[in-house]
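Below is one structure, written out as structure tokens; the observations come after it.
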Amino acid sequence: RWILDIGCGSGHVLDGLPADSARVISMDLVPEMVAASARTHPTGHFVVADAAQPPLAPQSVDIATCIGVVEYLPDPVRALRAIKTILRPDGRLIASFPNRRSWFRKLSRIETRAERFAVAWRDRLTGRPPSIPGTPKYAHAHWSVREALQLLDHAGLEIVDVAFNTFGLWGWLGRLRASLGISKWMSRT
């Protein structure tokens with residue numbers, strides 16, 4: 001079996017993939033992320049590439065993962081169509097979509113606002129130049145569940161199963177050992 005991890009980032013999804021029983025290729029658009037993932041997974045296969053133009057032959061992949069990626073893509077439907085072309089006829093795409101209605105997403109937004117507010121006041125009181133934390137480097141889209149399903153449909157992907165996971169904390173909550181452990185467990189599951 002061939003597994004393609006699209007948008008491998010620093011390699012967190014790789015921790016849950018069965019590298020001992022499948023051949024895993026990790027791909028990311030950002031060379032620094034590919035290098036970080038390669039450092040933590042030295043036996044892996046890595047490539048710098050765009051999700052909308054995966055450098056693999058048509059129908060060559062059994063499973064593609066796209067976790068924490070679709071929300072950053074400028075044209076998600078185009079990328080999902082490209083991913084569909086590299087999947088075998090019985091292949092599967094495992095993708096995540098940020099649910100703007102999730103309670104964890106709402107908690108995370110509150111946390112981000114509170115952190116920005118606290119840092120802004122600290123900077124004012126200490127005379128430091130403004131240093132707003134958590135300013136996103138890339139545009140980040142959110143969808144309702146219905147909108148995410150429509151996105152997949154527009155890309156021509158058949159929806160086999162939908163699993164709801166509202167976990168995915170940002171900020172300091174997302175960096176806690178317990179949060180990372182739960183995230184790895186969810187990847188394996």
Side-chain angles (χ1 to χ4, degrees), residues 3-14 16-17 26-34 36-37 47-56 61 63-87 91-117 132-175 179-180 182-184 186-187 189:
I3 299 174
L4 175 63
D5 180 24
I6 300 164
C8 65
S10 59
H12 293 297
V13 172
L14 289 173
L17 296 179
S26 302
M27 179 177 104
D28 202 295
L29 181 62
V30 181
E32 294 82 8
M33 297 311 295
V34 170
S37 189
V47 63
V48 176
D50 187 334
Q53 297 175 329
L56 298 168
V61 174
I63 299 170
T65 62
C66 200
I67 309 297
V69 175
V70 179
E71 58 266 31
Y72 297 107
L73 299 174
D75 188 348
V77 172
R78 180 175 169 241
L80 291 167
R81 285 181 180 149
I83 294 165
K84 182 183 182 222
T85 65
I86 63 168
L87 286 172
R92 299 285 188 256
L93 168 64
I94 301 169
S96 68
F97 295 86
N99 181 354
R100 72 171 147 249
R101 295 184 179 141
S102 153
W103 284 102
F104 280 114
R105 183 74 52 196
K106 291 174 184 177
L107 174 64
S108 186
R109 283 194 292 262
I110 291 168
E111 176 202 0
T112 300
R113 286 186 201 121
E115 185 178 2
R116 287 181 180 171
F117 180 79
I132 303 299
T135 303
K137 184 176 179 181
Y138 304 100
H140 188 273
H142 301 154
W143 297 274
S144 69
V145 173
R146 190 172 118 233
E147 291 166 338
L149 294 174
Q150 287 173 343
L151 243 172
L152 292 166
D153 185 55
H154 290 318
L157 290 159
E158 178 185 347
I159 300 159
V160 176
D161 194 10
V162 176
F164 293 97
N165 166 17
T166 59
F167 192 79
L169 299 173
W170 296 342
W172 69 271
L173 290 173
R175 292 188 297 270
S179 297
L180 292 172
I182 291 170
S183 181
K184 286 180 185 180
M186 288 179 167
S187 294
T189 303

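Count residues from 1 along the sequence.
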For [X] against [Y], the heavy-atom pair lying closest together:
X: Arg92; Y: Leu87; answer: O-CD2, 3.6 Å
X: Pro55; Y: Val47; answer: CG-CG2, 4.1 Å
X: Pro76; Y: Trp143; answer: CG-CZ2, 4.1 Å
X: Ser96; Y: Glu71; answer: O-OE1, 4.0 Å
X: Ala51; Y: Ile6; answer: CB-CG2, 3.7 Å
X: Arg78; Y: Ala52; answer: NH1-CB, 3.7 Å

Mind checking the [atom1]-[atom2] spacing from [X] to [Y]? Nearest 0.5 Å is all I need.
X: Asp5; Y: Thr65; atom1: CG; atom2: OG1; answer: 3.5 Å
X: Leu73; Y: Ile83; atom1: CG; atom2: CD1; answer: 7.5 Å
X: Ile159; Y: Gln150; atom1: CD1; atom2: CD; answer: 9.5 Å
X: Leu157; Y: Leu152; atom1: CG; atom2: CG; answer: 6.0 Å

### Task
Quickly, which of Val145, Val70, Leu149 forms a side chain to side chain contact (heavy atoms under 4.5 Å, CB included) with Phe97? Name it, please.
Val70
### Query
Between Cys8 and Met27, does a side chain to side chain contact (heavy atoms under 4.5 Å, CB included) hold up when you go through it step by step?
CA-CA 6 Å; Cys8 65; Met27 179 177 104; 5.9 Å; no
### Task
Evaluate the side-chain proximity of Leu93 to Leu80: yes if any heavy-atom separation is below 4.5 Å, no if none is.
yes
### Query
Is a side-chain donor or acceptor of Asp28 paired with a backbone partner of Val34 at a separation under 3.5 angstrom?
no
### Task
Under the side-chain contact (heavy atoms from CB on, under 4.5 Å) rule, collect the residues that match up with Leu29, sequence neighbours excluded.
Asp50
